Asks: 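So that we are looking at the same thing, I have put the structure below in structure tokens.
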Amino acid sequence: NTNDLPYIESERTNAFYRRLLIVPMENVPKEPDVNIKQKLREEIDYFIHLIVAAAGEMYKRGKIFRSDNSIHLVEEMRAKSDSVQAWMMECCIIDEQAKTQRGNAFSSYEKYCAMMERKTHTKRNFFDSLKAKGFPEYKSGDYYFRGFLLKPEGFTLLSETENIEF
């Protein structure tokens, strides 16, 4: 219930965002309806009917329907609130079999935050955030995280013979 999505800085796990359902209300009437309360009161029985029917469908499915738009808005809110999540979304590839050396992950995260002018977490908080997001840490010589890899950095160089129009 808000006009602007809030920043949730203290949430490091998926729990809050798994439970969040964003329903944008973008239709704004051209003229305010001064009789809106009375009209709503007259339709309360129908609203209750719709709610009970929707709850019944939800019970049959075993889950709440989430639109692609709602899912996208939750991801957007999460990325704005959580620099680690934003870094994961833009700089990593999720792969259950992959492993990433944790020092390389933190270095990439610091570069990302500097480029995007975002405040970085400490190393410990960064590592804790990744573990809370479901990426286990283990030691095999060095310390690694399992479940993601860093996207390749750099630029694709054009050959001298390629012409580009601007």
Side-chain angles (χ1 to χ4, degrees), residues 1-28 47-158:
N1 183 355
T2 180
N3 288 333
D4 296 311
L5 295 176
Y7 290 95
I8 313 295
E9 294 181 17
S10 62
E11 180 61 46
R12 291 192 183 131
T13 69
N14 296 330
F16 174 78
Y17 298 101
R18 273 195 326 264
R19 294 174 177 94
L20 190 59
L21 181 64
I22 298 176
V23 181
M25 304 289 186
E26 297 170 342
N27 294 337
V28 179
F47 289 143
I48 292 171
H49 169 75
L50 290 176
I51 291 168
V52 169
E57 286 298 315
M58 186 175 59
Y59 180 75
K60 287 178 192 173
R61 281 195 308 268
K63 63 181 180 177
I64 296 174
F65 172 77
R66 305 173 104 186
S67 70
D68 290 340
N69 189 38
S70 177
I71 292 167
H72 171 75
L73 291 170
V74 170
E75 288 174 355
E76 186 178 292
M77 177 185 171
R78 186 172 185 187
K80 286 180 181 179
S81 297
D82 181 355
S83 62
V84 178
Q85 182 68 27
W87 168 78
M88 293 284 312
M89 291 169 70
E90 293 191 36
C91 301
C92 300
I93 299 169
I94 305 302
D95 178 348
E96 291 180 18
Q97 304 305 313
K99 68 178 187 176
T100 300
Q101 199 272 340
R102 74 178 188 171
N104 292 343
F106 186 71
S107 177
S108 172
Y109 168 73
E110 283 185 310
K111 289 177 189 173
Y112 170 79
C113 287
M115 184 179 70
M116 300 304 289
E117 298 180 351
R118 294 189 70 160
K119 183 180 173 187
T120 60
H121 290 289
T122 63
K123 275 186 182 181
R124 177 71 344 212
N125 286 344
F126 173 74
F127 297 151
D128 288 347
S129 180
L130 287 177
K131 287 186 272 189
K133 289 175 184 356
F135 299 101
E137 182 181 24
Y138 69 97
K139 184 173 180 165
S140 175
D142 284 331
Y143 283 95
Y144 292 88
F145 281 100
R146 182 173 307 286
F148 69 92
L149 55 95
L150 301 176
K151 289 182 181 176
E153 294 182 8
F155 300 95
T156 302
L157 296 176
L158 299 173

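Below, all heavy atoms of this structure are taken into account, side chains as well, without hydrogens, waters or symmetry copies. In this text, all values refer to a predicted model and were calculated from it rather than measured experimentally.
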Asks: If the condition is side chain to side chain contact (heavy atoms under 4.5 Å, CB included), which residues does I48 pass it with, not counting sequence neighbours?
Replies: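 I48: side chain to side chain contact (heavy atoms under 4.5 Å, CB included) contacts with I44, V52.
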
Asks: The criterion is side chain to side chain contact (heavy atoms under 4.5 Å, CB included); which residues satisfy it with C113, sequence neighbours excluded?
Replies: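 Counting only residues at least two positions away or on another chain, C113 forms a side chain to side chain contact (heavy atoms under 4.5 Å, CB included) with S83, Y109, R118, T120.
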
Asks: In residues 143-152, what donor-acceptor pairs under 3.5 Å come from side-chain atoms, sequence neighbours left out?
Replies:
| from | atom 1 | to | atom 2 | distance (Å) |
| --- | --- | --- | --- | --- |
| K151 | NZ | E90 | O | 3.4 |

Asks: M89 versus V84: any side-chain heavy-atom pair under 4.5 Å?
Replies: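 Result no, sub-4.5 Å side-chain heavy-atom pair not found.
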
Asks: What is the distance from atom SG of C92 to atom OH of Y112, rounded to the nearest 0.5 Å?
Replies: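 Atom-to-atom, C92:SG and Y112:OH are 10.5 Å apart.
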
Asks: Output yes when D128 and K123 qualify as a salt bridge under the 4.0 Å nitrogen-oxygen rule, no when they do not.
Replies: no

Asks: Could you grab the distance from atom CZ of R124 to atom OG of S129, nearest 0.5 Å is fine?
Replies: 11.5 Å

Asks: Using the ring centroid of each side chain, check whether W87 and F106 are separated by less than 6.0 Å.
Replies: no

Asks: Identify, with sequence neighbours excluded, every residue that meets salt bridge (charged side-chain N to carboxylate O under 4.0 Å, His left out) alongside K60.
Replies: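 Result, salt bridge (charged side-chain N to carboxylate O under 4.0 Å, His left out) vs K60: E57.
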
Asks: For residues 91-110, which residue pairs qualify under salt bridge (Lys or Arg N to Asp or Glu O under 4.0 Å), counting only residues two or more places apart or in two chains?
Replies: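 The answer is R102-E137.
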
Asks: Would you compute the distance between atom CD of Q101 and atom OG of S140 and round it to the nearest 0.5 angstrom?
Replies: 11.0 Å

Asks: Please lay out, stage by stage, how F135 and I94 fare under the test side chain to side chain contact (heavy atoms under 4.5 Å, CB included).
Replies: CA-CA 10 Å; F135 299 101; I94 305 302; 3.7 Å; yes

Asks: For Y138, does the OH atom sit with more than 12 other heavy atoms under 6.0 Å from it, leaving out its own atoms?
Replies: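 It does: Y138 OH has more than 12 such atoms within range.
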
Asks: Just list the side-chain donor-acceptor pairs under 3.5 Å for residues 68-77, sequence neighbours left out, or say none.
Replies:
| from | atom 1 | to | atom 2 | distance (Å) |
| --- | --- | --- | --- | --- |
| S70 | OG | I22 | N | 3.1 |
| S70 | OG | I22 | O | 3.0 |
| H72 | NE2 | E76 | OE1 | 3.4 |

